[in-house]
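Comments concern the structure below.
Every chain is numbered from 1, with letters handed out A, B, ... down the list of sequences. Just so it is clear, the structure is predicted and the values come from calculations on it, not from any experiment.
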Number of protein chains: 2
Amino acid sequence: MESDILQNSGIKPSFHRLKILDFLRSRKNHPTVDEIYSELVKEVPTLSKTTVYNTLKLFQEAGLVRRINVEEQETRFDADTASHGHFKCVQCKKIYDFIVDDAAIVTSDLKGFNIEVKKVYFQGTCPGCLGK
Amino acid sequence: MESDILQNSGIKPSFHRLKILDFLRSRKNHPTVDEIYSELVKEVPTLSKTTVYNTLKLFQEAGLVRRINVEEQETRFDADTASHGHFKCVQCKKIYDFIVDDAAIVTSDLKGFNIEVKKVYFQGTCPGCLGK
DNA sequence: ATATTTGCAAATAATTTGCAGTCGA
DNA sequence: TCGACTGCAAATTATTTGCAAATAT
């Protein structure tokens with residue numbers, strides 16, 4: 001359950017936090033802060049954008065969500081913290097997840113480095129838009 | 001020569017543009033807009049930050065430089081447009097380049113996709129900071 | 001002279017911060 | 001009650017834009 005996830009991360013499962021976590025986990029589309037806020041405020045009118053920011057920061061520090069920046073200046077969030085890449089279609093703007101073979105990326109250049117986070121962002125055109 | 005590079009990209013080699021390109025090519029440290037401006041303004045007092053923005057945008061569109069966003073909200077620029085990854089040390093903040101075997105990353109998940117840009121960002125601790 | 005480049009200052013956008021009010025154990 | 005959670009509004013930061021002045025060919 002969502003509240004257990006928060007408990008286990010040492011985060012008090014308040015109503016707003018549960019809503020935000022729930023939203024992130026149910027949506028696959030890597031929403032922006034604005035999208036999260038705009039959608040949830042319909043259901044939870046007392047929600048403020050500050051709380052969305054606060055909460056996402058909290059989640060992020062706890063490792064519950066990851067920030068995605070396929071394109072600069074546009075920050076999105078992903079509740080799937082397993083390692084995977086993100087592809088953004090330049091036409092339809094949709095973001096696709098794809099599996100990345102982590103091990104294959106590592107090169108001898110980074111011998112002796114302690115790698116904690118790996119981000120793989122691709123951009124291009126998706127099959128749907130290529131057909132046009 | 002720098003001015004030829006610009007000519008070949010269809011960009012008029014103005015004084016400021018040459019200075020900015022030169023700066024990017026000589027520095028290996030992937031400067032931010034602010035760093036570029038602050039450094040160059042010492043040498044070229046008439047330079048404005050708007051011009052740095054304009055010029056970088058121009059260069060970027062011409063494919064002369066690439067934007068780097070290892071960490072969200074911090075945009076840096078790289079005059080090396082060959083495919084490579086960027087590692088940012090969370091301790092000393094330094095950015096290291098490393099070779100990436102592009103081919104190894106592609107997965108079956110992206111069959112039918114036209115991949116135009118590949119970005120690989122790692123974060124962690126560099127050997128120097130690990131020793132402390 | 002004519003088009004391009006440049007620079008200021010204002011506008012915009014995303015995010016952070018300070019602080020006061022509110023809520024729950 | 002007390003401390004954590006929330007929300008408003010103001011502050012901050014990065015970037016873009018409009019337009020006029022400077023510059024180059």
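Taking atom NE2 of A/His16 as the reference point, atom P of C/dG24 lies 10 Å away to the nearest angstrom. Remark: P of C/dA13 and NZ of A/Lys49 are 11 Å apart, rounded to the nearest angstrom. Atom pair A/Gln73:CD and C/dA13:P shows a separation of 12 Å (rounding to whole Å applied). Atom CG in B/Leu56 sits roughly 10 Å away from atom P in D/dT15 (whole-Å rounding). Here the C1' atom of nucleotide C/dT12 and the CG atom of A/Asp34 are 14 Å apart, to the nearest Å. Per the geometry, NZ belonging to B/Lys19 stands 18 Å off C1' belonging to C/dT5, to the nearest Å. Nucleotide C/dA14 holds its P atom 13 Å from the CG atom of A/Asn69, rounded to whole Å. Taking atom CD of B/Glu35 as the reference point, atom P of D/dT13 lies 16 Å away to the nearest angstrom.
For A/Ser14 and D/dT6, the shortest distance from a side-chain N or O to OP1 or OP2 is below 4.0 Å. A sub-4.0 Å separation between OP1 or OP2 of C/dT5 and a side-chain N or O of B/Thr51 is absent. Considering only side-chain N and O atoms, B/Tyr53 lies under 4.0 angstrom from the phosphate OP1 or OP2 of D/dT15.
Counting only N and O atoms by type, the side chains of A/Thr125 and B/Glu116 include a donor and acceptor under 3.5 Å apart.
We find that B/Arg76 and B/Glu35 are joined by a salt bridge, their nearest charged nitrogen and carboxylate oxygen being less than 4.0 Å apart. Ion pairing between B/Lys88 and B/Glu74 holds under the 4.0 Å rule for side-chain N and carboxylate O. Ionic pairing of B/Asp97 and B/Lys28 is not present here: no N-O contact between side-chain nitrogen and carboxylate oxygen is shorter than 4.0 angstrom.
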Q. Reading nucleotides 17-25 of chain D from the 5' end, what letters show protein touch, with B for base, S for backbone sugar-phosphate only, - for no heavy atom under 4.0 Å?
A. B--------
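A ring-centre distance under 6.0 Å is found for A/Tyr96 and B/Phe113. Here the two rings, on B/Phe98 and B/Phe122, have centers that are under 6.0 Å apart.
Residues B/Ile115 and A/Val120 are members of one and the same hydrophobic cluster, defined by side-chain heavy-atom contacts under 4.5 angstrom among Ile, Leu, Val, Met, Phe, Trp and Tyr.
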